Participant: 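Quick one: the structure is below, questions incoming.
Note on naming: letters A, B, ... go to the chains in the order of the sequence lines (proteins, then strands), and numbering restarts at 1 for each one. No hydrogens, no waters, no symmetry mates; every other heavy atom, side chains included, goes into these values. These numbers were taken from a predicted model, which means no experiment stands behind them.
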Amino acid sequence: MSPSYQDLIAAAREVIPEVEPADVASRVASGDGPLIIDVRETAEWDQGHLPGAVHIPRGFLESRIGGTAPDSDQEILVSCASGQRSLLSAQTLHHMGFTNVTNLAGGFARWKQNNHPVEVPRILSAAQRSRYSRHILIPEVGEEGQMKLLDSKALLIGAGGLGSPAAYYLAAAGIGTIGLVDDDDVDESNLQRQIIHTTDRVGMNKGESAKQAIAALNPEVQVNVHPFRVNRDNVLDLVSQYDIIVDGADNFPTRYLLADASLMTNTPLVHASILRFEGHASVFNPYDGPCYRCLFPEPPPPDLAPSCGEAGVLGVLCGVMGNIQATEAIKVLLGIGDTLSGRLLIYDALGMTFTELKVRRDPDCPSCGPNADLQLRDYEAWCAGVGSHDHAGASA
Amino acid sequence: MSTVKIPPVLRQAAGGERTVEAKGTNVGEVLSALCEAHPAIGKQILTSDGELHKFVNVYVNDEDARLMQWTDTPVGDDDTLLILPAMAGGQ
Ligand SMILES: [Zn+2]
């Protein structure tokens, strides 16, 4: 006669010792616990589990245990809801050659009854699993990465040409908090490229307008509107509330201010700038790779640095460059891939070419070098000063 | 002849060209040839002493010429020079 379920359990008890929850709890508390494998189903695990346990549903035990416990002498405690599935799982591990396998007596139910500490895993809601399903399918993102994005805070300087697409896609990606710094109002001439705004919101503050668009796209995103210009009095307070800066400013004083604030607060800076058919993009990780001033020690004079308002910009160029910034921001936040740190990417829309330049850390950099005396300054005056010093002489 | 890529802000000074061919065996010579052919560019990127302004980055292929031998960096016919001033636009 083939063995019954009770027979299987009895046979497993012969080879697998049981351990009382109290003994495990004291060992876990002293940091000397065994590797705990929880073999329950995902829905059960999500309700709570032993602290530090690793979840391998019973159906995946044989295929996944090697990745978790490469050493067959390793002490393994198996747990489930009441101690029976885990007993059979422990026996499987025993058959697979693991020599030091025990079973949690009474399972998670008795553990909880005895008031031992329980860890409840953070999980995405059903709505979030659905909304972000295409991210979750990507191994480099997954549920864990999506949760990181939901916990992330991105500060966008400017809700204009670069900020519009960047804010839109970062909001869609589920960046939990987006700060929008812009003191400007939506103008009809913005709508050729600043796609987060609409014709009926002309006259509204750009941050407020973008907040409405984001609320319609992804109501879960917290949008902080900062309807003022970033300056040396408010920059450190502002930047320190965020994990990353996305620089879409339209002038050099603000760009150099942000570069220094990025270093002072140790906040990564995702850079892009645009003019006519051309865009630049890079990533500046504080003290890990070059900074903005390593690349551009000084700004050019005003006649060599026209704004988009003066020289024009192709509307769709903003979409390409703003989305390169959003891409880099997501990679930095997730810690995946190779970012543009140490590289300047130049996109020429007219020739449809991408050129990459190497950017090296300047050992004498006045902002990030070892002898730098980094402090916030009057960037307006500084940019005006270095831009004009002997340029006037050159045209004489 | 080396190829010099002209940034958007200097294109008008280069007669609207996006790339210009210029002769020279090093960065300094190529830029001199460029400024001779297009004096308006020289007015923008050179100081009154004929030195390059500090705000002008020059790349030979993908490397910063300042980190090589600056204006003495040798260049051949297959090399591309890129004049790169910072851009501020974002809105
Ligand atoms: Zn630096």
Participant: Is there side-chain contact between Leu258(A) and Val235(A), with heavy atoms separated by less than 4.5 Å?
Facilitator: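 The answer is yes, as the side chains (C-beta and beyond) meet within the 4.5 Å cut-off.
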Participant: Parallel, tilted or perpendicular, judged at 30° and 60°: which one describes the rings of His53(B) and Phe55(B)?
Facilitator: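 Parallel.
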Participant: Which region of Arg193(A), side chain (C-beta onward) or backbone (N, CA, C, O), has a non-hydrogen atom less than 4.5 Å from a non-hydrogen atom of chain B, or is it both or neither?
Facilitator: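 For Arg193(A), the side chain is the part near chain B, not the backbone.
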Participant: Which region of Phe277(A), side chain (C-beta onward) or backbone (N, CA, C, O), has a non-hydrogen atom less than 4.5 Å from a non-hydrogen atom of chain B, or is it both or neither?
Facilitator: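 Neither; nothing under 4.5 Å.
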Participant: At a heavy-atom separation under 4.5 Å, does Ile346(A) approach chain B through its side chain, its backbone, both, or neither?
Facilitator: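 Looking at Ile346(A), just its side chain touches chain B.
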Participant: Pairs in or reaching into residues 57-67 of chain B: which pass side-chain hydrogen bond (donor to acceptor under 3.5 Å, both in side chains), with residues at least two apart or in two chains?
Facilitator: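 side-chain hydrogen bond (donor to acceptor under 3.5 Å, both in side chains) check on residues 57-67 of chain B returns Lys358(A)-Asp62(B), Arg360(A)-Glu63(B), Asn61(B)-Asp79(B).
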Participant: Between Glu278(A) and Arg18(B), is there a salt bridge with N-O shorter than 4.0 Å?
Facilitator: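 No, no charged N to carboxylate O under 4.0 Å.
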Participant: Given that the side chain runs from C-beta out, which part of Leu84(B) has a heavy atom under 4.5 Å from chain A: side chain, backbone, both or neither?
Facilitator: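 Both parts, heavy atoms under 4.5 Å.
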Participant: Which residue out of Ala249(A), Ser164(A), Pro297(A) racks up the most heavy-atom pairs below 4.5 Å with chain B?
Facilitator: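 The residue among Ala249(A), Ser164(A), Pro297(A) with the greatest pair count is Ala249(A).
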Participant: I need the full list of ring-ring contact (aromatic ring centres under 6.0 Å, His included) pairs touching residues 339-368 of chain A, with sequence neighbours left out, sorted by first then second residue.
Facilitator: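 Pairs touching residues 339-368 of chain A that pass the test: Tyr347(A)-Phe354(A).
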Participant: Side chain, backbone, both or neither: which part of Asp348(A) has an atom under 4.5 Å from a heavy atom of chain B?
Facilitator: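 Contact with chain B: side chain only.
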Participant: Which atoms of Asp182(A) are under 4.5 Å from chain B, going by heavy atoms: the side chain, the backbone, both sets, or neither?
Facilitator: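 Contact with chain B: side chain only.
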Participant: Check the side chains of Ser209(A) and His197(A) for a donor-acceptor pair under 3.5 angstrom, ignoring hydrogens and angles.
Facilitator: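 On atom types as modelled, these side chains qualify, holding a pair under 3.5 Å.
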Participant: If I measure from the heavy atoms of chain B, does Leu350(A) come under 4.5 Å with its side chain, its backbone, both, or neither?
Facilitator: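 Contact with chain B: backbone and side chain both.
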